[in-house]
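As structure tokens, the structure follows; a few thoughts come after it.
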Number of protein chains: 2
Amino acid sequence: MSYTLHRGDALTVLKSLPDESVQAVITDPPYNSGGRTSSDRTGRTARAKYVTSNSAHGLANFPGENRDQRSYRSWLTELLTEAYRASTEHTVAMVFTDWRQEPTTSDALQMAGWTWSGTIPWIKPSSRPRKGGPKQDSEFIIWGVKGSLDNTRDLYLPGHYIASQPRKGRVHITQKPVEVMQQLVQVCPEGGTVLDPFTGSGSTGVAALREGRRFVGVELSAHYADVAEERLRGAFTKDDFELAGPGK
Amino acid sequence: MSYTLHRGDALTVLKSLPDESVQAVITDPPYNSGGRTSSDRTGRTARAKYVTSNSAHGLANFPGENRDQRSYRSWLTELLTEAYRASTEHTVAMVFTDWRQEPTTSDALQMAGWTWSGTIPWIKPSSRPRKGGPKQDSEFIIWGVKGSLDNTRDLYLPGHYIASQPRKGRVHITQKPVEVMQQLVQVCPEGGTVLDPFTGSGSTGVAALREGRRFVGVELSAHYADVAEERLRGAFTKDDFELAGPGK
DNA sequence: CCTCACGATGAATCACAGC
DNA sequence: TGCTGTGATTCATCGTGAG
């Protein structure tokens with residue numbers, strides 16, 4: 001299967017995609033979350049927010065983490081609107097979010113025209129406990145459809161996932177487990193095209209290729225565009241396990 | 001431990017509660033969800049919306065399932081505002097919701113003054129599949145605090161729950177597993193009071209009593225008020241397992 | 001006491017006929 | 001046209017009872 005990786009701004013590149021050219025949109029936008037106050041959220045880099053202060057790994061910072069909630073919503077809406085235009089009927093869109101941005105994300109999805117159809121918890125078993133109450137050990141996948149779900153396909157997907165973030169060989173701060181992504185990309189018919197406007201280190205793309213789907217990705221950071229390119233090239237070889245870990 | 005069960009409208013009864021008299025609010029309001037159109041959601045009974053047409057069980061209907069989304073938000077906001085007033089500093093509020101009403105529920109919680117602090121997925125392993133995509137096998141617990149979380153307590157709660165709805169001896173359509181509720185009520189300090197404005201069949205109350213907390217409940221339906229009364233009376237005996245199943 | 005086969009069910013969803 | 005009610009559908013999970 002083939003892939004295209006655009007290096008550039010997600011919105012700009014999406015506007016250049018032809019109508020009805022993709023059959024699934026699966027992405028993990030920068031959450032712009034992680035602080036209690038607006039200045040907490042916008043004044044710190046992604047590394048400062050999501051990485052424990054004394055972490056030893058040397059993961060690069062990533063851009064796009066300086067929007068407040070209102071502008072996050074309009075920005076995400078515009079992006080999902082373009083993705084909607086580029087999608088065919090029955091296309092499924094899946095957007096990762098944390099608990100704070102969950103309402104904003106479902107708003108944006110619906111404002112962009114998608115029919116919101118569910119919320120899938122992704123549970124990360126090894127997360128930090130919280131003294132005095134419940135810990136937060138899950139993120140959420142908000143998903144919706146352009147038009148109606150194609151229920152002629154013989155496909156039954158789980159309603160939740162339990163998987164740790166890759167540890168060994170992790171190359172991105174918010175890297176997703178490939179085994180989860182391999183299930184998600186199945187909402188795209190075989191041979192169809194999966195779009196990920198925030199490719200990051202490319203886990204969605206690797207999963208798509210492994211499952212026999214084409215992939216179109218966009219990544220702004222030169223560093224991660226290179227990492228993704230390398231992982232996508234090696235998607236069918238054992239190399240990916242050395243490049244980014246087994247996704248477990 | 002003692003309990004009080006009010007038979008009547010939740011909002012009316014809550015207004016009569018004294019200030020700062022409870023140390024936890026744990027409840028499962030009618031979701032006013034289900035169906036794609038507004039008339040689907042507001043014009044049908046809970047049974048018609050949530051129970052499989054050929055189910056053999058004869059569980060009673062429950063009231064309060066006829067609000068559209070706007071009025072659901074204002075109604076829940078007002079209710080949580082009264083609960084806030086009746087709570088002491090550091091009180092935790094936990095509200096069950098489904099994926100559709102999750103954004104509305106977190107809005108209402110925050111509008112009522114609580115500090116939204118997280119979303120806990122409750123995963124129900126035995127749920128209906130969905131052809132063509134992911135099934136929806138979870139509900140959500142939106143939780144928040146009056147003021148700040150008391151982090152002097154030596155308490156660490158899970159970030160998610162995996163538990164089936166009670167099957168054997170179930171008495172309510174939406175009955176919650178007691179073993180989950182027994183964990184949740186621990187956000188209330190021992191000997192404190194747990195408030196549940198929508199008592200239903202009383203699982204929250206049974207859990208509270210078993211864990212050494214007092215309980216104040218409100219239930220509108222005469223039928224379920226009776227059921228709850230009976231379960232609460234038998235909370236410490238084996239009777240409850242016959243009345244409503246072990247919650248497993 | 002354990003294993004296995006069988007039957008029942010789910011805070012649904014969808015299509016369609018009838019009004 | 002649009003709302004309403006009825007019935008078919010789907011499979012993992014759980015309870016039951018036999019072996």
Side-chain angles (χ1 to χ4, degrees), chain A residues 90 92 115-120 143-145 147-162 183, chain B residues 27-69 72 76 95-102 104-105 121-142 161-177 179-181 198-201 203-204 221 224 241-242 244-248:
Chain A
H90 306 306
V92 169
T115 305
W116 183 25
S117 306
T119 299
I120 302 166
W143 71 278
V145 190
S148 61
L149 195 62
D150 178 5
N151 57 12
T152 63
R153 294 186 62 205
D154 196 27
L155 175 71
Y156 298 91
L157 290 179
H160 70 276
Y161 295 94
I162 300 180
Q183 301 243 44
Chain B
T27 197
D28 180 31
Y31 295 168
N32 289 272
S33 191
R36 279 166 307 173
T37 66
S38 179
S39 61
D40 267 357
R41 286 188 291 272
T42 57
R44 296 152 69 212
T45 64
R47 274 205 61 126
K49 287 192 286 188
Y50 304 133
V51 178
T52 311
S53 42
N54 60 355
S55 272
H57 68 66
L59 298 183
N61 192 27
F62 61 88
E65 274 281 344
N66 51 353
R67 293 177 182 85
D68 70 17
Q69 197 152 40
Y72 181 72
L76 193 57
V95 185
F96 281 79
T97 184
D98 71 350
W99 62 276
R100 263 177 231 275
Q101 298 288 35
E102 202 268 15
T104 304
T105 305
W122 165 37
I123 290 163
K124 303 178 286 184
S126 151
S127 39
R128 249 190 205 78
R130 177 178 196 146
K131 194 166 187 232
K135 63 178 175 177
Q136 187 69 42
D137 66 357
S138 51
E139 294 185 23
F140 302 95
I141 304 161
I142 310 291
Y161 295 93
I162 300 180
S164 295
Q165 303 102 308
R167 233 176 226 224
K168 217 180 81 178
R170 188 164 65 124
V171 289
H172 194 286
I173 301 176
T174 71
Q175 193 168 326
K176 302 289 174 284
E179 81 265 24
V180 170
M181 305 315 290
F198 304 98
T199 296
S201 58
S203 303
T204 305
S221 137
Y224 284 119
F241 291 81
E242 281 141 39
K248 182 57 213 290

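Chain naming here is simple, since letters A, B, ... match the order of the sequence lines and numbering starts at 1 in each.
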Reckon B:A46 touches a base, only the sugar-phosphate, or nothing at all at heavy-atom distances under 4.0 Å?
nothing
Non-neighbouring partners of A:W143 that pass ring pair (Phe, Tyr, Trp, His ring centres under 6.0 Å), sequence neighbours left out:
none
Expressed as a whole number of Å, how far does the C1' atom of C:dT13 sit from that of C:dT9?
16 Å
According to ring pair (Phe, Tyr, Trp, His ring centres under 6.0 Å), who are the partners of B:H172, at least two apart in sequence or on a separate chain?
B:F62, B:Y224
Let me know the distance between CZ of B:R41 and P of D:dT4, rounded to the nearest Å.
13 Å
Rounded distance in Å - CG (B:D137) to C1' (D:dT13):
12 Å
Quick one: which of D:dT4, D:dT16, C:dT9 gets closest to the side chain of B:S39?
D:dT4
Would you confirm whether B:T45, through its side chain, and B:A48, through its main-chain N or O, come within 3.5 Å as a donor-acceptor pair?
yes
Whole-Å gap separating C1' (D:dT9) and CZ (A:R153)
18 Å
Over all strands shown, is B:T174 touching base, sugar-phosphate only, or nothing at heavy-atom distances under 4.0 angstrom?
base
Checking B:Q69 against B:T104: is there a side-chain donor and acceptor pair closer than 3.5 Å?
yes
Considering all heavy atoms of both residues, which atom of B:S33 and which atom of B:R41 are nearest to each other, and what is their separation?
O-CG, 3.7 Å
Give the rounded distance in Å between these two atoms: NE2 of B:H57 and C1' of C:dG10.
8 Å
Under 3.5 Å, is there a donor-acceptor pair between the side chain of B:R170 and the main chain of B:I173?
yes
Heavy atoms only, 4.0 Å cut-off, all strands: where does A:Y156 land among base, sugar-phosphate and nothing?
sugar-phosphate
Could you give the NZ-to-P distance, from B:K131 to C:dG10, as a whole number of Å?
23 Å
Are the side chain of B:N32 and the backbone N or O of B:R67 linked by a donor-acceptor pair below 3.5 Å?
yes
Taking salt bridge (Lys or Arg N to Asp or Glu O under 4.0 Å) as the cut-off, I'd like each qualifying pair that reaches into residues 43-66 of chain B, sequence neighbours left out, listed once.
B:K49-B:E65
Let me know the distance between NZ of B:K168 and C1' of D:dG17, rounded to the nearest Å.
14 Å
Do any pairs count as a ring pair (Phe, Tyr, Trp, His ring centres under 6.0 Å) and have a residue in residues 31-59 of chain B, sequence neighbours left out, and if so which ones?
none
Side-chain N,O (B:S164) to OP1/OP2 (D:dC14) below 4.0 Å:
yes
Is A:P158 touching bases, backbone alone, or none of the nucleic acid, heavy atoms closer than 4.0 Å?
nothing
Pairing of DNA chain D as dot-bracket, 5' to 3': ( ) intra-strand, [ ] crossing, | other strand, . unpaired, with Watson-Crick or G-U pairs under 3.5 Å?
.||||||||.|||||||||
For nucleotides 12-14 of chain C, print each protein N/O atom paired with a nucleotide N/O atom at under 3.5 Å, atom names and distance only.
unit_1: C:dA12; atom_1: N3; unit_2: B:R128; atom_2: NE; d: 3.4
unit_1: C:dT13; atom_1: OP2; unit_2: B:R100; atom_2: NH2; d: 3.1

Using whole Å, report how far CZ of B:R47 lies from P of D:dT6.
13 Å
Backbone of A:G118 reached by a side-chain donor or acceptor of A:W116 within 3.5 Å
yes
Could you state the atom-to-atom distance from CG of B:D40 to P of D:dT6 in whole Å?
13 Å
